[in-house]
Structures are given as structure tokens and as C-alpha cells.
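Okay, so here's the structure we're looking at.
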There are 2 protein chains.
Amino acid sequence: MLVSSRGRYGLRSMVDMVINAKNSPVPLRAIAERQGISESYLEQVFAILRKAGLINAIRGSYGGYVLAKPPTEITVGEILLALEGPLVPVDCVQDGKNVHCERRDICLTQPFWKELSDKIGEVLSSTTLQDLANPDHKSI
Amino acid sequence: MLVSSRGRYGLRSMVDMVINAKNSPVPLRAIAERQGISESYLEQVFAILRKAGLINAIRGSYGGYVLAKPPTEITVGEILLALEGPLVPVDCVQDGKNVHCERRDICLTQPFWKELSDKIGEVLSSTTLQDLANPDHKSI
DNA sequence: AAGTAATCCTATCGCATTACTTGGTTTAGA
DNA sequence: TCTAAACCAAGTAATGCGATAGGATTACTT
């Protein structure tokens, strides 16, 4: 039930970007150093975030990364979904995807997993990057 | 973020025991067949549950497993804790264990993980085996 | 034009875990 | 004594994780 380093690194790095972006792209090396994360591993994490449309890259000297949207419009759920996959405890409670469990009708544990999944989803979708970067202004 | 088969099998099997125990021990083979789970794998799952004190074994012919406590007093959290380890999204929000993260003081994501962890803990500790076995009588 | 600082890409690697299988030993009721 | 059950130990294929390595490409600055 643990979130992997990929998800934790990614979330911390995006908060770092909110705090350290001063109208200019933030280079990966600076993030890695501040956060104490292997730069080359973080590279792969950022590739995922970029392909998910959460950040944009600016190549070349004086380049770096910028958020693709304002931090008030990026939820923790979006970030973890990209890095960790669906945020549910078990496959069978994903809606949309036709995850077929032939026992769904008779499974007594499914409603429990659904309830847990919903509670997790609430927290993840109601917390934005802005909330994490400015804890005092948390809206909740 | 997914719960493994070990945890899902264990939870389903314990609910199965609540439903199918008629004042006599429930043999593993019967559970495995009803639930469609490999019997020899389930054996290992039950060894963990037994060592955790959640079930008792009765050896020999006409033996099987029984719950160690009434189903109203066994929470889903206890079962998953035994099978999956601590039920938190990241190590640093476990209380009790001195999980040392040298960044705890400056980590902006830690309060978020704590909030998520608390929400998960609420669901897990407030749902009992009885709730799952008799959905109509759910207390919540 | 050259230098440089950055992103980008692909491959590899050790390690741990998961979900299982195999092949037994021991226990206790009929 | 037969038998049905729990118990135990070892092995195994597949997967993913966290990280490393080595380069290719881009674009700004001098």
C-alpha cells in the first residue's frame, strides 16, 4: 500500500518548482540537489510528468522545466495518477476501464474497496500543488 | 498503491469464514474452492493470519480454521496490517516506529501524506468483518 | 563558430517482491 | 489404521523498482 519513490519524488519536485520558479524555468539539477534525489533518476520521473502534460520542458542552455498549468489547477491526484497509475486499492473499483472480475456480483469485499477508493480519491482530488506550497492558505 | 493478492485473498477468505462457519472449523480447501484461490498459496496467507492471532487452527481430520475473535471485533485494518504491512501511503507518517526522514522538518508534502494516511486509517479501523459479511446491517 | 548547459533517449543492472508450485511431515478424528 | 486436515521449507518465473551509464540533441551566450 506504499506509494513508490517515483510518486514521492515527483510530488516533492513539483512543489519545489512552485516555490523556486521565479518567472524562469527550473533546471532539473537544481531540483535534484535541493531535494536530495538522484538527478538521472529524476530525469525519468520528469519524462513521465511531461508526457502527462503536467510540465513543459525548455531545452538548451538556461532551460529547465515549468508547470504546464497554474499550481491552483494541478491536483495531487493528477500527479500521482501519472506516476503511480490508478489511485485505487484494487483493480475492480476502477470506473471507466472495463476491469472484469467475474466475481464482482458475489464479491462481498468490493463495496468496501469502493468506499476506501472514494475516500482516497476525495483527498487526492481536493488538494492542489498550491495547497502544498502555501500550507497557511490551505482552503480546507 | 494497489493492495496485493495476499491482502485481497486474506480478506475475502475471512469473510468467507464468517459466512460458512457453522459452529465447526472451516477447512482451507473449502475456502479455496469457493473463492477460486490456489489452495497452497492460501496456506501461506493463513499462516500469516494465524501468527497475527486473527485465526486459530484445528489440526487433524475434521479440522480447519476458526476466527480467533467474534467478527464484530476484527477490523479490516487488522487483517490488512498483518498481510500487507503498515497501511500508510509513505513510511514517514507512521507513528510509533521511529522512521527517520531527515527532511521531515522541511518536507512540504509530509502533512498531505499524514492527512491521506488518517483518512485511510479511519475507513480501515471502522469496518469490521461483520460489516462485510452482513452488508445490510452496516453500522455506518 | 565555439562552448556550454540543459533536456532527451535508450539500455542495462542488481535487488526485492509477488504469486505460485512442489514435496513432503505432523496431527487427530472416524 | 486410514484419512483429512494443518504445517513446513524450498524453489521459481515474472515483474517492478531505483538507479546508473553513455550518449544525442537543443538553444543560449560569447
Side-chain angles (χ1 to χ4, degrees), chain A residues 1-13 17 20-21 24-52 54-68 80 82-86 89-91, chain B residues 1-13 17 20-21 23-68 80 82-86 89-91:
Chain A
M1 267 293 286
L2 291 177
V3 166
S4 72
S5 292
R6 196 162 59 229
R8 286 180 281 119
Y9 289 177
L11 182 57
R12 265 165 60 197
S13 298
M17 287 174 70
N20 293 104
S24 61
V26 185
L28 194 67
R29 167 162 299 167
I31 300 172
E33 277 173 6
R34 276 189 298 262
Q35 298 293 326
I37 300 171
S38 147
E39 184 185 350
S40 31
Y41 183 55
L42 201 54
E43 214 174 72
Q44 296 168 45
V45 175
F46 270 59
I48 297 171
L49 293 172
R50 181 174 53 81
K51 283 164 189 161
L54 295 170
I55 57 177
N56 292 324
I58 293 155
R59 301 187 63 165
S61 192
Y62 285 73
Y65 290 95
V66 292
L67 297 183
L80 294 181
L83 296 171
E84 299 277 324
V90 294
D91 281 333
Chain B
M1 267 294 285
L2 291 177
V3 166
S4 71
S5 292
R6 197 163 58 229
R8 285 181 280 118
Y9 289 176
L11 183 57
R12 266 166 58 197
S13 298
M17 286 174 69
N20 293 104
N23 289 339
S24 62
V26 185
L28 194 66
R29 168 161 299 166
I31 300 172
E33 275 173 9
R34 278 190 296 262
Q35 298 295 324
I37 299 170
S38 149
E39 185 186 350
S40 33
Y41 184 55
L42 200 55
E43 214 175 74
Q44 295 167 43
V45 175
F46 270 60
I48 298 171
L49 292 172
R50 183 174 53 82
K51 284 165 190 160
L54 295 170
I55 56 178
N56 292 323
I58 293 157
R59 300 187 65 167
S61 192
Y62 284 72
Y65 291 95
V66 292
L67 296 182
L80 293 181
L83 296 171
E84 299 278 323
V90 294
D91 280 333

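Bear in mind that the values here come from a model prediction, so they are computed numbers and not experimental data. Chain naming here is simple, since letters A, B, ... match the order of the sequence lines and numbering starts at 1 in each. Both backbone and side-chain heavy atoms feed into the values below; hydrogens, waters and symmetry mates do not.
The minimum heavy-atom distance between Leu80(A) and Gly7(A), with the atom names listed, is CD2-O, 3.8 Å. Taking every heavy atom of both residues into account, Glu39(A) and Arg29(A) meet most closely at OE1-NE, 3.3 Å. Nearest heavy atom pair, residue Leu67(B) against residue Met17(B), reads N-CE, 3.8 Å. Scanning all heavy atoms of the two residues, the minimum distance from Pro25(A) to Tyr62(A) falls at CG-O, 3.6 Å. Residues Arg6(B) and Leu83(B) share a closest heavy-atom pair of NE-O, 3.1 Å. Across all non-hydrogen atoms, the minimal contact from Ser13(B) to Ile37(B) is OG-CD1, 4.2 Å.
Bracketed by its first and final contacts, the part of DNA chain C lying under 4.0 Å from non-hydrogen atoms of chain A reaches from dA5(C) to dA11(C) in 5' to 3' order.
The interatomic distance linking Phe46(B) (CZ) with dC8(D) (P) rounds to 15 Å, in whole Å.
In this structure dT30(D) sits in a base pair with dA1(C), meeting the Watson-Crick or G-U test at under 3.5 Å.
Using a distance-only test at 3.5 Å, with no hydrogens or angles considered, a donor-acceptor pair links the side chain of Glu84(A) to the main chain of Ser4(A). For Arg12(A) (side chain) and Gln35(A) (main-chain N/O), a donor-acceptor pair under 3.5 Å exists by modelled atom type.
Annotation: proximity of residues 51-58 of chain B to DNA chain D (heavy atom, distance under 4.0 Å) is found for Ala57(B), Ile58(B), numbered in ascending order.
With a 4.5 Å cut-off on side-chain heavy atoms, Ile31(A) and Phe46(A) count as touching.
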Using a cut-off of 4.0 Å between protein heavy atoms and nucleotide atoms, how would you tag nucleotides 13-24 of chain D 5' to 3' with B, S and -?
----SBBB----
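Interatomic distance, CZ of Arg8(B) versus OG of Ser5(B), reported as 4.0 Å (0.5 Å rounding).
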